[in-house]
Amino acid sequence: MNEPIEEAKAEAPTDFIREAVKQDLAEGRFQHVHTRFPPEPNAYLHIGHAKAVWIDYGIALDFGGKFNLRFDDTNPLKEEQEFVDAIIEDVKWLGADWEDRLLFASDYFDQMYTWAQDLIRKGKAYVCDLTPDQMREQRGTLTKPGQNSPYRDRSVDENLDLLERMKDGEFADGEKTLRAKIDMASPNINLRDPVMYRIRHAEHHRQGDKWCIYPSYDWAHGLEDSIEGVTHSLCTLEYEIHRPLYDWFLDELGIYHPRQIEFARLNLSYTVMSKRKFIELVAGGYVSGYDDPRMPTIAGLRRRGYTAEAIKEFCRRIGVAKADNIIEAAQLEDCIREGLNKSAQRVMAVLDPVKVVLTNYPEGQVEELDAVNNPEDAAAGTRKVPFARELYIEREDFMEDPPPKFFRLAPGREVRLRYGYFIKCEEVVKDGSGKIVELRCTYDPATKGGDAPDGRKVKATLHWVSAAHSIPAEVRLYDHLFNKVNPDKVEEGQTYIDNLNPDSLKVVEARIEPFAKDAKPGDRFQFERLGYFCVDKDSAPSRLSFNRTATLRDAWANVQKAQK
RNA sequence: UGGCGGAUCGUCUAAUGGUAGGACAGCGGUUUUUGGUGCCGUCAGUCUAGGUUCGAAUCCUAGUCCGCCAGCCA
């Protein structure tokens, strides 16, 4: 059992954050490690959040530290209990363990208020009467410094009194703010007297109407980390420029000071990764909901058939760095294929059936053939598959006039039916429009099980189902939601919506071997030669419904692409 | 044309002044009753120009390109 240790050592992920944490520990800046995942409960989590969870939780795990799940619920206008519940479910499903530390920033509002008063007493914060428009004007621009607010020099007592009255609801929304007194000429715009509190007479999902002033992100976030004793506050790159502010508040207050470190957020090819766009996609009816299997949400991926294990492996493989990136979707697909190849029950299903009649097979005869449940797992055993005179095969497995590298069925050609017999195509039957409606074939009784006693070979093995015994099922075939690697890269006058892939969902009527008849929502299968599929939540015993999780790798498809 | 950050195979990511390595994708082979899986091989990279050094992806200088910031969002 010393092999896994070797392996763990070799595969232990290292990255610039882990190096920094290691150094902090070595230098005594921190004595232990404590991280947190701080979602705002205003939307569903996506695969980018999974990356963040695995950085936060993974680092806590690696260093024997603690991990908090903390909701950053400082804006009552956007946040809802529904999202809190969904996020808890997703983070749990992903595999992170926050033990008993399910926390809410809103529980710290009293403490934050006290600290705001401290800052006022230090002359580092003031109540400002500027309207949003005025504040924008006076903030200056990227190249021009801002100007001081006329309310900047109010006395400590007046500020204290005004803040108290803001809290007590004396003023209307937007009438006043509490601002940090830093530097209106700072080249970093975030330091130009940022707002700490704004007035919002709104119902908070946990605090009800107790508060009518709410802390802004910059003011609140460091305090939350400090209160919880977080050592390393890990976040995405866009907060890098906020770090001076994060540090400023903590230093001015003189309270425990965590270290913020930023990493690049995840982008995936052929999709978008923003809450706002998710809302638009759902509201516009472009997808069926946040858990539409084409969405990169955790809920969508789960419904699509992805496992938490595959997502974790994906996060491990993509690493952590500071350069902007777009990860190829193939990278994610490989992770789910790797897992499902080892675990998925095999079954035969025909997505686009064409009838095959075995002219020399006795009418009314049915044989039960043995089929392997999972070639990667002998313990999975075997099952029986009914074989009869009339079968269905995949329409694309036959070509009347096959090109050179097409190995499958063609007139006069012999192929193997998996676990069945060799069959040979003798006749093609078409309807008036020229569409093939039936293939008349003969079978070789000596090849039962799939081997010829005379040693002759075939170049292809096809999947099939019995026409009479197979069951119908709805199968949803998914493709990329967008047809551009980066849907946000658009022409003048266009938006990412214009880059939607019109063929991202195709629903087909398939036939499946009877073994699958008792499949329950969430069950995963490999349809042989086609891909991995899972039973959708819409499925019913009377009406099976499958989602395609991923196709199998397809060498023939590559050949076809090359021939074009 | 303010500030902050970034740039290594097609895509991610290592190399911490000393052989540019791995994964995914691609290509080729092999095994195979899944054109799957496995196994083997292969293609392919340090943004540019100078400099320091015995030696530079790494350090210095000057450029180039990309991202983020002007919410009372997070």
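Note on naming: letters A, B, ... go to the chains in the order of the sequence lines (proteins, then strands), and numbering restarts at 1 for each one.
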Please tell me if [X] has a side-chain N or O lying less than 4.0 Å from either OP1 or OP2 of [N].
X: A/T461; N: B/rU32; answer: no
X: A/R243; N: B/rC4; answer: no
X: A/R346; N: B/rG36; answer: no
X: A/R529; N: B/rG35; answer: yes

Mind listing the side-chain donor-acceptor pairs of residues 143-151 of chain A below 3.5 Å, one per line with the distance, residues two or more places apart or on another chain?
from	atom 1	to	atom 2	distance (Å)
A/T143	OG1	A/T141	OG1	3.4
A/S149	OG	A/Y151	N	3.1

With rounding to the closest Å, how many angstrom separate the [atom1] atoms on [N] and [M]?
N: B/rG5; M: B/rG50; atom1: C1'; answer: 25 Å
N: B/rG41; M: B/rU31; atom1: C1'; answer: 15 Å
N: B/rC27; M: B/rC43; atom1: C1'; answer: 7 Å
N: B/rU46; M: B/rG21; atom1: P; answer: 13 Å

Who passes side-chain hydrogen bond (donor to acceptor under 3.5 Å, both in side chains) against A/K275, sequence neighbours left out? A/N42

Output all residues satisfying salt bridge (Lys or Arg N to Asp or Glu O under 4.0 Å) with A/D15, sequence neighbours left out; order by chain, then residue number. A/R18

Under the salt bridge (Lys or Arg N to Asp or Glu O under 4.0 Å) test, which residues partner A/K51, sequence neighbours left out? none

Can you pull every protein N or O that's under 3.5 Å from an N or O on nucleotides 21-28 of chain B?
from	atom 1	to	atom 2	distance (Å)
B/rC24	O4'	A/Q331	OE1	3.2
B/rA25	OP1	A/R553	NE	3.2
B/rA25	OP1	A/R553	NH2	2.7
B/rA25	OP2	A/R553	NH2	3.4
B/rG26	OP1	A/N558	ND2	3.3

Which residues in residues 179-191 of chain A have at least one heavy atom lying under 4.0 Å from any atom of RNA chain B? A/P187, A/I189, A/N190

Is there ring stacking between A/W556 and B/rG35, where the centres must be under 5.5 angstrom apart and the planes under 30 degrees? yes

Quick one: is the NZ or CZ of A/R383 closer than 6.0 Å to the six-membered ring centre of A/F515, and within 45° of its axis? yes

Does the base of B/rG35 carry an N or O that pairs as donor and acceptor with the side chain of A/R408 under 3.5 Å? yes

Would you state whether a donor and an acceptor, one from the side chain of A/E376 and one from the base of B/rG36, lie under 3.5 Å apart? yes

Could I get the full list of ring pair (Phe, Tyr, Trp, His ring centres under 6.0 Å) partners for A/F278, not counting sequence neighbours? A/H46

Can you sort out the partners of A/H463 under ring pair (Phe, Tyr, Trp, His ring centres under 6.0 Å), two or more places apart, ordered by chain and number? none

Describe the nucleic acid contact of [X] in one word from base, sugar-phosphate, nothing, applying a heavy-atom distance below 4.0 Å.
X: A/E333; answer: nothing
X: A/L340; answer: nothing
X: A/E528; answer: base
X: A/R418; answer: base
X: A/T141; answer: base

Expressed in angstrom and rounded to an integer, what is the separation of A/Q260 atom CD from B/rA74 atom C1'? 12 Å

To the nearest angstrom, the CG-P distance between A/D488 and B/rC66 comes to 17 Å

Quick one: list whatever passes side chain to side chain contact (heavy atoms under 4.5 Å, CB included) with [X], sequence neighbours left out.
X: A/V84; answer: A/P41, A/F71, A/Q81, A/I88, A/F104, A/H205
X: A/R413; answer: A/P402, A/F406, A/A410
X: A/I241; answer: A/N188, A/N190

To check you understand the geometry: which heavy-atom pair defines the closest contact between [X] and [Y], and what is its length?
X: A/M135; Y: A/V195; answer: SD-CG2, 3.8 Å
X: A/L358; Y: A/F387; answer: CD1-CZ, 3.5 Å
X: A/A172; Y: A/E175; answer: N-OE1, 2.8 Å

Nearest to the side chain of A/N325, which nucleotide is it out of B/rC72, B/rU34, B/rC12? B/rC12

With the side chain defined as heavy atoms from C-beta on, A/T143 is closest, among B/rU1, B/rG36, B/rC12, to B/rU1

Determine which bases of RNA chain B form Watson-Crick or G-U wobble pairs with both distances under 3.5 Å, and write the result as a 5' to 3' dot-bracket string with | for other-strand partners. .((((((..((((....[..)))).(((((.......)))))....(((((..]....))))))))))).....

